[in-house]
Each structure stands twice: as C-alpha cells, then as structure tokens.
Amino acid sequence: RVHVFLDQDKGVYVFGDAYVRLSSLPYDLEKMNYLIHLTNYSVQKSCKEFGEVAPSNIISIHELEDYLRKEHPKGADFQKGFLMEIIKERVLLSFKCTNRLLDNNTKRSFNFEMFGYDFMIDENLKVWLIEINAIPGISDCGSEYVGRFMYRMIDDMFKLTIDKPF
C-alpha cells in the first residue's frame, strides 16, 4: 500500500515509505484459496498461520527490496529504492491520465485528498497497479510498524495542508 496525497494546487506527493501485506500461506497458482491470493488484513487475520511470516503479515517496502535484492535472480541488478521509484512513476502517470477529470473549482481552497494505491509485483519484478482507493483505511491493522507509518504519513500530510496557511 502506497499513500498518495493531492493538495489544492493539484500537487502530488507520494509518501516515501510504503508497507507490504503478505499472505499467511505460500503462493500457489494451482490452489484457489482466498488465504493465498488475498492479502488484506480482514481476510488474513482468520488464518491460523497469520503472523508467522511477519508481525501482522506486514513488512516495509524497504524490507521487501532488501529481500528481493538478495534472493531474486534479478535482484542484484537493482539499487536500493528501485521499487518506490517505479511506483512513483506509475502514480504520476495515473494522475496525468486523470488530470482533466479532477475538480478544477478554484474556489475550493485549503483542501486535499489522500489515496491508497495497491500494487503487485510479479515473478519478473514487474510492478502492476491493482487499484486506487479514494478512501484508504488508516488503521494500524494490529501492526506497530503500520501504526508508526500512519502517524508519520498523516503528520506529513497536515504539514503540507493545515500547517501551510497558519
């Protein structure tokens, strides 16, 4: 999950950190088990293996990058931060594609929107945009990491909006 912030001037800010939701069970394309293919917290918390892979089945994107650079055959080719750079490109492209659809009402001052972008990474390390949530959840999902993440992200968002005019 990547959080993206759109300010009143249509400035796009991608929060510099992201978190990765993991499945409790090993990925297997042959098995049609929702505990394998759906990684959201509400589904995974019912699995008896929940939390064995990582606390609350959540790691940072930096942890995923470190793992991929060490374990994936193509991983050595990538620099630290490679996933976030690709993700930022996809986010900016999505806003370019929808720019004319965004509200152009100039009388709306001091407003902002937050979006939650969900991506998948395939076996070739290609990053796929799955969906964009207009109202992303901001709960901690029982994860200390996500709790700290949300606090930092919301604090940064307020610094760019509420703190700006005051």
Working to the nearest 0.5 angstrom, can you tell me the gap between [X] [atom1] and [Y] [atom2]?
X	Y	atom1	atom2	answer
Q79	R69	CD	CZ	8.0 Å
K45	N40	NZ	CG	10.0 Å
I154	M150	CD1	CE	7.0 Å
L64	I59	CG	CD1	5.0 Å
L68	I121	CG	CD1	6.5 Å
K74	K126	NZ	NZ	11.0 Å

Just so I know, are the side chains of [X] and [Y] near enough to count as touching, which here means a heavy-atom distance under 4.5 Å?
X	Y	value
V43	L35	yes
D122	W128	yes
M114	M153	yes
F119	I130	no
H3	Y19	yes
I58	V20	no
E65	F78	no
L83	L125	no

Check: Is the count of non-hydrogen atoms from other residues, nucleotides or ligands lying under 6.0 Å from I135 atom CD1 greater than 12?
Finding: no

Check: Would you find more than 12 non-hydrogen atoms of other residues, nucleotides or ligands less than 6.0 Å from E71 atom CD?
Finding: yes

Next item on the list: Identify whether I86 and Y67 are in the same connected component of the hydrophobic contact network (ILVMFWY, side-chain heavy atoms under 4.5 Å).
Entry: yes

Note to self: Assigning hydrophobic clusters by single linkage (Ile, Leu, Val, Met, Phe, Trp, Tyr; side-chain heavy-atom cutoff under 4.5 Å), is V4 placed with L92?
What the structure shows: yes

Note to self: I'd like to know whether F5 forms a side-chain contact (heavy atoms from CB on, under 4.5 Å) with V12, so could you lay out the CA-CA distance, the side-chain angles of the two residues, the decisive distance to 0.1 Å, and finally the verdict.
What the structure shows: CA-CA 6 Å; F5 166 72; V12 177; over 6 Å; no

Next item on the list: Measure up the F158 and F112 rings against each other and bin them: parallel (under 30°), tilted (30 to 60°), perpendicular (over 60°).
Entry: perpendicular

Notebook entry, point to check: Would you call the rings of F149 and F15 parallel, tilted or perpendicular, where under 30° means parallel and over 60° means perpendicular?
Noted result: perpendicular

Next item on the list: Apply side chain to side chain donor-acceptor pair (under 3.5 Å) to the pair N57 and T39, showing each step before the final yes or no.
Entry: CA-CA 8 Å; N57 284 20; T39 60; over 6 Å; no

State, to 0.1 Å, how close [X] and [Y] come at their nearest heavy-atom pair, and which atoms those are.
X	Y	value
L29	H37	CA-CE1, 4.3 Å
I36	P26	CG2-O, 3.6 Å
M84	I61	SD-CD1, 3.8 Å
L22	A54	CD1-CB, 4.3 Å
G116	P136	N-CG, 3.6 Å
Y34	Q44	O-NE2, 4.3 Å

Checklist line | Reference residue F115; test side-chain contact (heavy atoms from CB on, under 4.5 Å); the match among L6, V2, N133 | finding: L6

Next item on the list: Determine whether the side chains of S60 and D17 contain a donor N or O and an acceptor N or O closer than 3.5 Å.
Entry: no

Item checked: Whether S23 side chain and L25 backbone form a donor-acceptor pair below 3.5 Å -> yes

Check: Sub-3.5 Å donor-acceptor pair from the side chain of H72 to the main-chain atoms of E123, do we have one?
Finding: yes

Item checked: Ionic contact status for R152 with D155, cut-off 4.0 Å -> no

Next item on the list: Could you please spell out the steps behind the side-chain contact (heavy atoms from CB on, under 4.5 Å) verdict for S94 and I132?
Entry: CA-CA 9 Å; S94 73; I132 303 168; 4.2 Å; yes

